[in-house]
A.B. asks: 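Before anything else, here's the structure in question.
Just so it is clear, the model here is predicted, and its values are computed rather than measured. Just so it is clear, the values below take in all heavy atoms, side chains as well, and ignore hydrogens, waters and symmetry mates.
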Amino acid sequence: MLRTAVANAMLRTAVRNLLVHRLRFALPALAVLLGVAFVSGSLMYTESVRDGQALVQRESRPDVSVAVRAAEPDGAGLGSGGGGTDADADEPVRLDGQLLERLRALPGVSGARGTVEGRALLVGRDGELVGDAYRSTGVNWVPDAHGDDPRYPLHAGRGPRTSGEIALDERAAHDAGYAVGDRVRVVVGGTARDARLTGTFTTRDSGPALGGAVTAFSASTAARHFAAPGRYTQITLTAEQGVSQAQLAQRAGKLLPRGAEAVTRTALDAEAVPEDPKLTYILLSFAAVALGVSVFLVANTFAMLSAARRRQHALLRTVGATRRQVLRLVLAEAGLVGVLASAAGYGLGIGVAEALNGLFGAVEGPGAPVRMFAAAPLLAAFGVGTGVTMVAAWVPARRAASVPPVAALGTGVPPAARTRRLRDIAGSLVTAAGALLLYDAASGDENLLYAAVPVLLTGLIVLTPLLASGFARLLRPPLVRVAGVRGRLAVENARRNPRRTAATATALMIGLSLVTAVTVGAFSLQEKVEQEAREGMAADLRITPVDFADVGADTAERIATLPDAEAVTALVPVTLGLPGGDTLGATAVDARAAARLHQVRVRAGSLARLGHGIAVTSATAAERGWHVGSRARVTTDGGVPGGDGGHDGGGRRARTMPVVAVYDGPEALSPALVSDRLLGGERGDASAQQRPYVVSVLAQAAHGRIGALREAIRTTLDNPALLVHDRAAAEAEAVRPVKPLLNLLYALLSVTVLIGVLGVVNTLGMAVAERVREIGLLRAVGLDRKGVRSVFRLEAVLIALLGSALGLASGCVIGAAAVAAQGSEVLFPWGRLAAFLAASTATGVLASVLPARRAAAVPTIEALTSDTE
């Protein structure tokens, strides 16, 4: 009973203290609130994305019970084929009409469908791509006796019947602005083609719901675009009622050729559910940073409150409260602050999740709503918010509980010199350890960065009180010269309690350190990418596909017919087999065009003879001991004219090829070049299995005609999925994907800087309440209100400059180490760093406005009679 009564009394006291000092607790609570909002919002958003994508996949293609497809490399599917053909492992698996009919005749199969799928991009009336390229697909139209396809019920018109006709899913047609009968432009196999829209359909495929478009072709056209005549990319089976997916997959597996597998619908659904969005990990990472910075704000608040309430704690001890009870009192206050901040943060997190779902939702149209009271976000919010607050308050609580009643009635006891020395030694050792880890990370082991950064920052945090005292002493002469006695007072106030000054500056330091590190890394990366883009332009123009698109096999031939094109070549990656199982990466190019490319410097031999051998870089030649005239025995797919080789079996040809040139060139043309005649396949409208994979096309323009050729290429190709870049455009495109991520990082990191600013405001605001008598004495000896405001403003600037200096220095070191670990040149954006320092100084001035006004408003007589030092 007694323990319960004491506990209730302590709780009532904690609630009363919280109400009395509610303004002092507001800023630390706000800092925790922001961190909790990040955590809960990102977790709710993640669960919404998972639910939405899983829902779309479950409802997609209800007629599929088992899918027969080419096996994954590990062959993990149910019922992997082990017999039926002796096809070579390098040959594509034969999923044809014969296999389809055999599977259709299996017991337990109520329906079978041969499916042909591949990448098809829709071009809208405005000439831009419609929908998500990754989710956009082309499919075969499989009509029944009435000309309808049961998988794609018609909404208007009819299905495609010839190579010049297509049908579109209703949403894609609407978004593109097309109606039945219109001429439509689609990009297939990297080539833009015109077709007539014969119909629109509804679909339960996952692609449109996830932002893509579905384009249906006639069966023969789809086979030519995405497979080969008479072949399918997949065969799907529908199970009769009472037959399980596993049973059907097992029966189908007995009929499959080598290299094919039968996969159940359950397994397909599991494969299709993607991992958590990358945005979630970014948000959670910065939630952790924000909460970490909040620790210093909360700890500083409770430390200052504990110092201000020594007498209250002493009276509690005098009337019989034990140290443990005082400890529990302070922790109870922290717990209440944490619970209230977590509740408010969770409410804000719901708004964050809704906003993210609206901006980055994975499902087009109505998807899975945000689950506001899901267990994981709820537990994480309150666990993290309350836990962080109580952990931050632990040291101040122990300090308050450990002071004996008589000592607590005094004005304060400074920390022992021995304690300060031990702390300074520990901080120096930890900082040195962090610096050593960073050096090792910069030497090439980038994984050490994950340990080095927190160790270095921890060491600086422990060492900051010592640095704060030295920093204030360093700035005292210039401040005294500029501001006179007000500057001296500001410096002495900062030095009087270096631990408090350090705790306030630390919050700002961490945020600015991360901002600086990201800035240094991004600036160095951007310069490197731009330089690589410049050096990688081996010709005047480069034609590359947008993400998830292709370059047509006939693109180079079409560009070569333009009058301003002097030399044009496609770049096709190939792999040459060498004796002993070794391989050599190479690029197949047009031999005549290769000799005229920029950035290719021939050291020996001639690229004009590339049709009769191979060319290798100087580094490759030195590594393998080759020179012009050396004969290398290689294994290739297809043949090359001349030579004395024979077949290696399985359609692969082994030949002895001479080295005809040694050159230096950009990475895109390294480490070897071969003639495109080495490619055995066809081009243009050949089937998908015969077309070479073109990475890009290089075009050399006639003198002074680069701009004209660029426009001619764009007009001729008329393909928004292909980008035509000169050197300047290549540099801009190279850094384009990085900019949105950097903007997001800056936005998130600015929250940690904001929390640091709140720390400055909070410290100065509480200092006003602590130093009422001091303010009165300053007013009594002649300092006017403007002078009082000036003292607090200068003190804020000192704290901001300390945090900025430490943040900029540590951030530069961290950023430099990260860049060096990537093997890149470290570059510092001095202009931006100077702007950060100026912004931090301005932040200090702004943070002091309200506390300085409060200090100046304290009446002199009231201040002199106050018992608060």
A.B. asks: Is the backbone of T266 close enough, under 3.5 Å, to the side chain of Q245 for a donor and an acceptor to pair up by distance?
C.D. replies: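 Between the backbone of T266 and the side chain of Q245 there is a qualifying donor-acceptor contact (under 3.5 Å).
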A.B. asks: Using a strict 4.0 Å threshold on nitrogen-to-oxygen distance, state whether E59 and R204 make a salt bridge.
C.D. replies: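 R204 and E59: not salt-bridged.
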A.B. asks: Looking at T587 and P573, would you say the former's side chain and the latter's main chain have a donor-acceptor pair under 3.5 Å?
C.D. replies: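 Not at all, since once roles are kept as given, no pair shorter than 3.5 Å links the two residues.
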A.B. asks: Answer whether the closest heavy-atom distance between the side chains of V184 and I166 falls below 4.5 Å.
C.D. replies: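 Result yes, sub-4.5 Å side-chain heavy-atom pair found.
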A.B. asks: Find out whether V68 and L95 are in side-chain contact, i.e. whether some heavy atom of one side chain is under 4.5 Å from a heavy atom of the other.
C.D. replies: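 When only atoms from C-beta onward are counted, L95 and V68 do touch, with a gap below 4.5 Å.
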A.B. asks: Does any part of the side chain of R224, heavy atoms only, come nearer than 4.5 Å to the side chain of S163, both counted from C-beta?
C.D. replies: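 The answer is yes; the side chains approach within 4.5 Å.
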A.B. asks: Would you say the side-chain atoms of N140 pair up with the backbone N or O of V116, donor to acceptor, closer than 3.5 Å?
C.D. replies: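 Here the side-chain-to-backbone pair exists.
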A.B. asks: Rounded to the nearest 0.5 Å, what separation is found between the CZ atom of F226 and the OG1 atom of T137?
C.D. replies: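 F226 atom CZ to T137 atom OG1 measures 8.0 Å (nearest 0.5 Å).
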A.B. asks: For the residue pair I713 and V724, what are the closest heavy atoms and their distance?
C.D. replies: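 Distance-wise, the nearest heavy atoms are CG2-CG2, 3.8 Å.
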A.B. asks: Determine whether a donor-acceptor pair (N or O, by modelled atom type, separation under 3.5 Å) exists between the side chain of D132 and the backbone of G212.
C.D. replies: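 Not confirmed, D132 side chain does not pair with G212 backbone.
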A.B. asks: Can you find a side-chain donor-acceptor pair between T191 and D554 that sits under 3.5 Å?
C.D. replies: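 The answer is yes; a qualifying pair exists.
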A.B. asks: For the pair R119 (side chain) and F548 (backbone), establish whether a donor and an acceptor sit closer than 3.5 Å, ignoring hydrogens and angles.
C.D. replies: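 Checked: pair present.
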A.B. asks: Report yes if the side chains of E240 and V109 come closer than 4.5 Å at any heavy-atom pair, otherwise no.
C.D. replies: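 E240 vs V109: side chains apart.
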A.B. asks: Output, in order, the C-alpha distance, side-chain angles, deciding distance and verdict of side-chain contact (heavy atoms from CB on, under 4.5 Å) for F201 and V214.
C.D. replies: CA-CA 9 Å; F201 54 83; V214 176; 3.8 Å; yes
A.B. asks: Donor-acceptor check, side chain of R125 to backbone of G177, threshold 3.5 angstrom: yes or no?
C.D. replies: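 The answer is yes, because a donor-acceptor pair under 3.5 Å joins these two groups.
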A.B. asks: For the pair H225 and F217, name the ring-plane relationship: parallel under 30°, tilted 30 to 60°, perpendicular over 60°.
C.D. replies: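 Plane angle over 60°, so perpendicular.
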A.B. asks: Is it true that R231 and D96 have a side-chain N and a carboxylate O under 4.0 angstrom from each other?
C.D. replies: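 Between D96 and R231 there is no salt bridge, as every charged N stays at least 4.0 Å from the carboxylate O atoms.
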A.B. asks: For E117, is there an ion pair with R61 - N to carboxylate O distance below 4.0 angstrom?
C.D. replies: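 Salt bridge flag = yes for E117 with R61.
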A.B. asks: Spell out, as yes or no, whether a donor-acceptor pair under 3.5 Å connects the side chain of D550 to the backbone of G189.
C.D. replies: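 Answer holds: no.
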A.B. asks: With heavy-atom distances below 4.5 Å as the criterion, would you say the side chains of V36 and V39 are in contact?
C.D. replies: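 No; the side chains remain at least 4.5 Å from each other.
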A.B. asks: Is it the case that E165 and S218 place a side-chain donor and acceptor less than 3.5 Å from each other?
C.D. replies: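 No - no donor-acceptor pair under 3.5 Å links their side chains.
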A.B. asks: Any chance you could measure D564, atom CG, to I559, atom CD1, to the nearest 0.5 Å?
C.D. replies: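 So the gap between those two atoms works out to 12.5 Å.
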A.B. asks: Decide yes or no on salt bridge (Lys or Arg N to Asp or Glu O under 4.0 Å) for D63 and R113, but give the supporting numbers first.
C.D. replies: CA-CA 10 Å; D63 60 324; R113 177 189 179 99; 5.5 Å; no
A.B. asks: Do T236 and R151 have side-chain N/O donor and acceptor atoms under 3.5 Å apart?
C.D. replies: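 The answer is yes; a qualifying pair exists.
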A.B. asks: Would L121 and V186 satisfy side-chain contact (heavy atoms from CB on, under 4.5 Å), going step by step from the backbone distance to the final call?
C.D. replies: CA-CA 6 Å; L121 308 180; V186 292; over 6 Å; no
A.B. asks: Would you mind checking if D175 and R171 are paired as a salt bridge, meaning a charged N to carboxylate O distance below 4.0 Å?
C.D. replies: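 Salt bridge between R171 and D175, a charged N being under 4.0 Å from a carboxylate O: no.
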A.B. asks: Is the shortest distance from a Lys or Arg side-chain nitrogen in R710 or D726 to a carboxylate oxygen in the other one below 4.0 Å?
C.D. replies: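 Looking at R710 and D726, the cut-off is met.
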A.B. asks: Assess whether side-chain contact (heavy atoms from CB on, under 4.5 Å) is satisfied between D149 and D144, documenting all intermediate values.
C.D. replies: CA-CA 6 Å; D149 188 332; D144 56 17; over 6 Å; no
A.B. asks: Quick one: does any side-chain atom of T561 pair with a main-chain N or O of R558 as donor and acceptor, under 3.5 Å?
C.D. replies: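 Indeed, once roles are kept as given, a pair shorter than 3.5 Å links the two residues.
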A.B. asks: How long is the span from the CG atom in L34 to the CG atom in L348, to the nearest 0.5 Å?
C.D. replies: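 L34 CG to L348 CG: 7.0 Å, rounded to 0.5 Å.
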A.B. asks: What distance separates I543 CD1 from L571 CG, expressed to the nearest 0.5 Å?
C.D. replies: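 Between I543 CD1 and L571 CG, I get 9.5 Å after rounding to 0.5 Å.
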A.B. asks: To check you understand the geometry: which heavy-atom pair defines the closest contact between V263 and A267, and what is its length?
C.D. replies: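 So the two residues come closest at CG1-CB, 3.5 Å.
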A.B. asks: Test D182 against R196 for salt bridge (Lys or Arg N to Asp or Glu O under 4.0 Å), laying out the working first.
C.D. replies: CA-CA 6 Å; D182 289 345; R196 188 167 69 89; over 6 Å; no
A.B. asks: What distance do L541 atom CG and L723 atom CG have between them, rounded to the nearest 0.5 Å?
C.D. replies: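 Between L541 CG and L723 CG, I get 12.5 Å after rounding to 0.5 Å.
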A.B. asks: Identify the two heavy atoms, one from P150 and one from V142, that lie closest to each other, and give their separation to 0.1 Å.
C.D. replies: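 Of all heavy-atom pairs spanning P150 and V142, the closest is CD-O, 4.0 Å.
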A.B. asks: More than 12 heavy atoms of other residues, nucleotides or ligands under 6.0 Å from CZ of R714: yes or no?
C.D. replies: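 Counting other residues, nucleotides and ligands, CZ of R714 exceeds 12 neighbours.
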A.B. asks: Under the 3.5 angstrom rule, does the side chain of T198 hit a backbone N or O of R158 as a donor-acceptor pair?
C.D. replies: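 Side chain of T198 to backbone of R158: a pair is present.
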A.B. asks: If you round to the nearest 0.5 Å, how far is OG of S40 from CG of L33?
C.D. replies: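 One gets 9.0 Å once the value is rounded to the nearest 0.5 Å.
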A.B. asks: List the atom of V130, the atom of A172, and the distance in Å for their closest heavy-atom pair.
C.D. replies: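 Of all heavy-atom pairs spanning V130 and A172, the closest is CG1-O, 4.3 Å.
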A.B. asks: Run the side-chain contact (heavy atoms from CB on, under 4.5 Å) test on V551 and T544 for me, step by step, so that the C-alpha distance in whole Å, both residues' side-chain angles and the decisive distance to 0.1 Å come before the verdict.
C.D. replies: CA-CA 7 Å; V551 179; T544 57; 5.8 Å; no
A.B. asks: Does the side chain of Y152 come under 3.5 Å of the side chain of D205 through a donor N or O and an acceptor N or O?
C.D. replies: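 Yes.
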A.B. asks: Evaluate the side-chain proximity of L378 to Y346: yes if any heavy-atom separation is below 4.5 Å, no if none is.
C.D. replies: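 A side-chain contact exists here, since the closest heavy-atom pair is under 4.5 Å.
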A.B. asks: Salt bridge between R705 and D540, side-chain N to carboxylate O under 4.0 Å?
C.D. replies: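 No, no charged N to carboxylate O under 4.0 Å.
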A.B. asks: Does any part of the side chain of K528, heavy atoms only, come nearer than 4.5 Å to the side chain of F523, both counted from C-beta?
C.D. replies: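 Heavy-atom side-chain distance check fails, nothing below 4.5 Å.
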A.B. asks: Side chains of L100 and Y232: does their closest heavy-atom pair fall under 4.5 Å?
C.D. replies: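 In short, these two side chains touch, coming nearer than 4.5 Å.
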A.B. asks: Tell me the closest heavy-atom pair linking V93 and G259, and the distance in Å.
C.D. replies: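 Closest approach of V93 to G259: CG2-O, 3.3 Å.
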A.B. asks: Heavy atoms only: give me the nearest T200-A173 pair and the separation to one decimal.
C.D. replies: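 So the minimum-distance heavy-atom pair works out to CG2-CB, 3.9 Å.
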A.B. asks: Verify, without hydrogens or angle tests, whether T555 (side chain) and G552 (backbone) share a donor-acceptor contact under 3.5 angstrom.
C.D. replies: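 It does hold such a pair.
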